[in-house]
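Please read the structure below before turning to the comments.
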Amino acid sequence: MQILIKGGRVVDPANNIDGIFDILVENSKIAKVAKNIKDEAKLVIDAADKIVLPGLVDMHVHLREPGREDKETVESGTMAAARGGVTTLLAMPNTFPAIDSAENVSLLKEIIKNSAKVNVLICGAISRQRLGKELTDIAGLRSAGVVVISDDGSSVDDQALLLEALKKANQEDVLVSSHCEDKSLSGNGVVNRGFNATRLGLRGISKESEYLRVERDIELAEKSGTRMHIAHVSCSESVEIIAKAKKKGVKVTSEAAPHHFALNEEAVLGYDTNMKMNPPLRSKQDVEAIKKGLKSGVIDAIASDHAPHTENEKDIEFDRAEFGVIGLETELSVAITELVEKDVLDWKKLVEKMSYNPAKILGIAKGALGVGSDADIVIIDPSKEWLVKKEDFLSKSKNSAFIGKKLKGVVEYTFCSGKIIYKAKE
Amino acid sequence: MNWNKKDLLGLEELSKEELEHILATAESFKEVSTREIKKVPALRGKTVVNLFYEPSTRTRVSFEVAAKRLSADVINIATETSSVKKGETLIDTGRNIQALKADIIVMRHNYSGAAVMLARHVDISVVNAGDGWHEHPTQALLDIFTLKEKLGRIEGLQVAIVGDIAHSRVARSNIWGLTKLGAEVTVCAPKILIPPGIEEMGAKVSLNINEALKNADAVNVLRMQFERDELNAFPKQLEYFKEFGITKERLKEAKKGIVVMHPGPINRGVEMSSEVADGANSVILEQVTNGIAVRMAVLFLVAQARDINANTH
């Protein structure tokens, strides 16, 4: 089947393109990118005044399946992804069971095969049951199809174990993604440490608990010569540490979550548990540092850290509520609203952060709109505003930090391998 | 002024005028407790539910007496937080109490923000009787009321708050209330018990008790809870008393008429000596008496606001 996307502004940093072009999709691939394509097509989409991007690649998503299908499933999570323009995502391993063995990878692969609407890559665990005690069989995970390993949700406290994991990961060419948190410092904290925590009477999570661990993990990555990815960077000190390491030539990449550049700790006043996440919302200065890091390139990628939780786990006392927010359906619009509209990033840079760079970090042939590329395409209306409503989410969980907010940029179509997997309501 | 808040959740959200209005209302209610028949019909036919998730005798009893002197019906629910974990959520409990057609929930809860959350989910009034480390507005109001009664004003006073500031809702509410009314507040404690950013709330910090007492017109002494994990690092009770305890000797160096307050219950010989607790500067029992008037005022005002709101809709 042929689809012709006509007259849209195509933004494709992989091919250094930003201009009005037509795109012809044939079967699952991009067949042509040119001005005024005359080919016949079964479906012609008028993309005038629209922006056409390569499908987003989100390298930090909790799909919750297997084990917590009440929060999210591969099916509901990937439907949410499609609505958000995400065509490839990395599923984190903190499921039940954890993705810590080749068997469990196979189990998840089977679920993905049967129900995923977008491309789902699998992140395996670094340690068995993510307990930080015993290494998983990294070679086994790799041959089962894992591309990244992480104990995400927990940091690996044991340095020797992490060093061993890094060495193995290097041999197997697997990326290590690091959740940086020293639990002995963050303790039972629930919000950013400081004035706001004090006035709310809530326990604080210090920035040290994050950046001291970023420092340590980068040192271990350097020592082992292994590339490392730092997940959900939230504070200025972490940005500085990563900047220094990059300058030095350490193979380190990093990501930031939309809530960490769109919201600061003051959003927690009022005890809205949809503002409770880990790492927590930080100070205004930290938000600025994250934006600066995105602009300068110290932060390579934007990833949602999509973390669905049921209402029963969120509509309770702040201390008892689960950490985390959903993000797949809002990340692109939040990034447009906070970064493009506010001149932090131009469209090309935005596509780099949300598609091209994460694809490169993951080592996959995605994030591009060249001839022969997989036809993973998003068409957005960049000028349209929308109101985030709880009842509109396709995710099984509704714990968004952006409910009630007006965002710029609406996803009109999402294509995955040449198929329309999402189309906005008229 | 017109009072239009159906809830009292904390002093942070109140204006100076609102604080003054509560204090003035309390003043008019104080006389009721001196009558032979200590009762007015202001809340006749209203139901007040005391919902206490944390053991508390004095605050609960004070609210109960206040409600009864206003002729309200009072129901006490005491529940252990441990059973809450398995059982009903706070929101469900609140909605059930609302379905009983109660008018006011007075809640004590061990988690910060619990009263704020409850108020968002019920239409009836919520009065915060202490939530975690967050706020204990009626305690601060009765402290301020007592202080004003003793010294004639709040504006320009120097008030020291001594003790476990980090974990104290009483300290937080006092800082908000006192600073809004124009007093200067100095908090004094071992460094480990000073929470980060407290200066941004408008308080000065002193780590030395003699320095904190030096120019103080009043000192509010907090109860020390040595069972807290965080206090393991701190030398035990005797050491604390030596460094921060309020003693007769220390008061000799302070202003002559310094007012000594304590929210109770007192650990004699830990935060303050018995001599000070029972001495001429102490207003601790007057605080208890004033607590009734202040809580009568708060119950009256929130109930009235709800009636007015109901009539205008």
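So that the names make sense, note that chain A is the first sequence line, chain B the second, and so on, each numbered from 1.
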Under 4.5 Å from any heavy atom of chain A, what part of [X] do you find: side chain, backbone, both or neither?
| X | value |
| --- | --- |
| B/Arg169 | neither |
| B/Met201 | both |
| B/Glu12 | side chain |

Please report the closest heavy-atom contact between A/Gly201 and B/Ser112, naming both atoms and the distance.
O-OG, 2.6 Å
Count the heavy-atom pairs under 4.5 Å between each of B/Ile175, B/Ile198, B/Val116, B/Asp131 and chain A, then report the option with the highest count.
B/Val116
Pick from B/Ala114, B/Gly197, B/Pro196 with the largest number of heavy-atom pairs that fall under 4.5 Å of chain A
B/Pro196
Neighbour count >12 (heavy atoms, 6.0 Å) for atom [atom1], [X]:
| X | atom1 | answer |
| --- | --- | --- |
| A/Glu69 | CD | yes |
| A/Asn188 | CG | no |
| A/Lys133 | NZ | no |
| A/Gln129 | CD | no |
| A/Arg193 | CZ | no |

Which distance, rounded to the nearest 0.5 Å, do you find between the [atom1] of [X] and the [atom2] of [Y]?
| X | Y | atom1 | atom2 | result |
| --- | --- | --- | --- | --- |
| A/Tyr271 | B/His134 | OH | NE2 | 3.0 Å |
| A/Asp315 | B/His121 | CG | NE2 | 5.0 Å |
| A/Asp272 | B/Arg120 | CG | CZ | 6.0 Å |
| B/His167 | A/Arg203 | NE2 | CZ | 6.5 Å |

Write out, in numerical order, the residues from residues 276-294 of chain A with a heavy atom short of 4.5 Å from a heavy atom in chain B.
none
A/Ile316 meets the side chain to side chain contact (heavy atoms under 4.5 Å, CB included) criterion, sequence neighbours left out, with A/Arg320, A/Ala321, B/Thr89
Does A/Leu200 offer a backbone N or O that forms a donor-acceptor pair with the side chain of B/Arg172 under 3.5 Å?
no
With sequence neighbours left out, what residues match A/His62 under ring pair (Phe, Tyr, Trp, His ring centres under 6.0 Å)?
A/His60
Residue pairs, two or more places apart or on separate chains, that pass side chain to side chain donor-acceptor pair (under 3.5 Å) and touch residues 179-189 of chain B
B/Glu184-B/Lys204
